[in-house]
There are 2 protein chains.
Amino acid sequence: MAGPSAAVFAPLYRQIRDLLVARLDAGEWKPGELIPSEIELAARFHVSQGTVRKAVDELAAENLLVRRQGKGTFVASHHEPRAQFRFLRLTPDVGDTEPAQSRFLECQRVRPPVDIASRLGLAASESAVFIRRLLLMRGKPVVLDEIWLPGAQFKGLTADRLRAYHGPLYGLFETEFGTHMIRADERLRAVAADAAAAGQLGVEPGAPLLLVERTSYTYGERAVEVRRGLCVTTDYHYWNTLV
Amino acid sequence: MAGPSAAVFAPLYRQIRDLLVARLDAGEWKPGELIPSEIELAARFHVSQGTVRKAVDELAAENLLVRRQGKGTFVASHHEPRAQFRFLRLTPDVGDTEPAQSRFLECQRVRPPVDIASRLGLAASESAVFIRRLLLMRGKPVVLDEIWLPGAQFKGLTADRLRAYHGPLYGLFETEFGTHMIRADERLRAVAADAAAAGQLGVEPGAPLLLVERTSYTYGERAVEVRRGLCVTTDYHYWNTLV
DNA sequence: TAGTGGTCTAGACCACATA
DNA sequence: ATGTGGTCTAGACCACTAG
């Protein structure tokens, strides 16, 4: 409930953590880059190395930073192999997960529906980029995605640009638009396929589909993507771990 | 891939962690109970308090232990309010989550299907307890669960005993059968309701349902429950956070 | 060889709960 | 007043990486 800087009194290590996030947000260190060593950060913030360590530990646990022994601490990037499947929970029932292939059907600037606009924190006058794409796995359509992005942040995003890019979508967003997704909330339900979706996905109208509604956030809990995906779950499933 | 004790060479704090888990598994400290203080554990294991602290930190992060400042560290229990909804990801679209009501339809000793038996690590000769129950929220059926448990561990579990108990199922398992669930894997897919499920859940046959297949584990990564739930997701959704 | 993160320790002090 | 966990520090040593 409380905003990012609601807690005024916080332990030192958490204040350091927040300072580091602010630096990341400001782009002082970009995804994939090395951040200063713990000793250097300790000197800069006038705290002990142990306090910096605890701050960095938290950020590493949240996947904002990646520690590599002997090399240093790096800003997490969606281009790294280990991050590839972090936001893709759809897995084949048998065999290993392989990279999916995207087929972009549509990419336009639109006035977003009110519910989408409010989730993105857009004013009534602001536009959004709307993307429709089909995700293919093993050559077959598996997910039909509708994606909304804040227009101001994603100026110049076109279908051609999407098609020219190869790799994970969040990698493109990170590199070309300076927007790094760090967290996402998802809501899942089962729905019946309408005629349009059925056609795209190659199933019968009325067939059960898994609807995944996602809101993605960047540094500072700012929502920057709303996604609505319809998934065929006959040979794939959505996996999750409860701890 | 690697078993619980595959890593022979491990940092001290991890060895301490594993020792603590072994003690929990052995029932030395039961759910809800206070474990010895950090200083006492440090003395017992001949390490510094800082090392014990790091071991306990890990177990607290995994929800095996609960720290309470000024009071001590306690073994996590499914009876605590904070644990109530940890394994229930189905939430109403509007309004707050309320405790669900169980209606037990069936409880028998059975020879489990081979896939269930293998997931529970049961030999061909071993039996299982099979439970069917309906979960009601706001007075309406929302989930139809089928649950399999290892027969040997759940001797004496009957429909009457289930009906007599009020509270979360995992609380009963913990208190009456000494089995504490600490983790669960889930696989989700959308399926069409068959006639039987449709009747129980009050939906049309063929209606889309969310199928949740769960395997639950106790200390030491031992699978002790397989669950297959069919959920009506018209007014409820399954929520998840990707980090 | 030098620099990085990873582990372990010891001790001081703070915040909270209980008697 | 006492005991608990929570924070912060300082320093030693280890393990890994790279020039």
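Chain letters run A, B, ... following the sequence lines, proteins first and then strands; every chain starts at 1.
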Quickly work out the B/R68 CZ to D/dT4 C1' distance and round it to whole Å.
-> 13 Å
Can A/E176 and A/R161 be counted as an ion pair, charged N to O under 4.0 angstrom?
-> yes
Contacts of type side chain to side chain contact (heavy atoms under 4.5 Å, CB included), residue B/K71, not counting sequence neighbours = B/R68, B/F74
Where the side chain of B/Q69 is concerned, which of C/dA17, D/dG5, C/dT9 is the nearest nucleotide?
-> D/dG5
Measure from CZ on B/R17 to C1' on C/dG6 and round the result to the nearest Å.
-> 18 Å
B/R14 and B/E58 ion-paired at < 4.0 Å | yes
Taking every heavy atom of A/L149 against every heavy atom of A/L120, the minimum-distance pair comes out as C-CD1, 4.1 Å
Euclidean distance, atom CG of residue B/L12 to atom C1' of D/dA15 [Å, nearest integer] = 15 Å
Interatomic distance, B/F9 CZ vs D/dC14 P [rounded to whole Å] | 16 Å
Is the shortest distance from a Lys or Arg side-chain nitrogen in B/E62 or B/R183 to a carboxylate oxygen in the other one below 4.0 Å?
-> no
Contacts to DNA chain C from residues 30-63 of chain B, heavy-atom cutoff under 4.0 Å, which residues?
-> B/V47, B/S48, B/T51, B/K54
Taken to the nearest whole Å, CG/A/L65 to P/C/dT4 is 16 Å
Output all residues satisfying side chain to side chain contact (heavy atoms under 4.5 Å, CB included) with B/D235, sequence neighbours left out; order by chain, then residue number.
-> none
OP1 or OP2 of C/dT4 sitting under 4.0 Å from any side-chain N/O of A/T73?
-> no
Which residues pass the side chain to side chain contact (heavy atoms under 4.5 Å, CB included) test with A/L136, sequence neighbours left out?
-> A/Q101, A/R103, A/L134, A/P141
OP1 or OP2 of D/dA18 under 4.0 Å from side-chain N/O of A/K71 = yes
For DNA chain D, consecutive-pair runs of 3 or more (Watson-Crick or G-U wobble, both H-bond-type distances under 3.5 Å) give C:1-18 with D:1-18
Go through the structure and list residues passing ring pair (Phe, Tyr, Trp, His ring centres under 6.0 Å) with A/F154, not counting sequence neighbours.
-> A/F173, A/F177
Heavy atoms only: give me the nearest A/H78-A/E174 pair and the separation to one decimal.
-> N-OE1, 2.8 Å
Within less than 4.0 Å of OP1 or OP2 of D/dT4, is there a side-chain N or O belonging to B/R67?
-> no
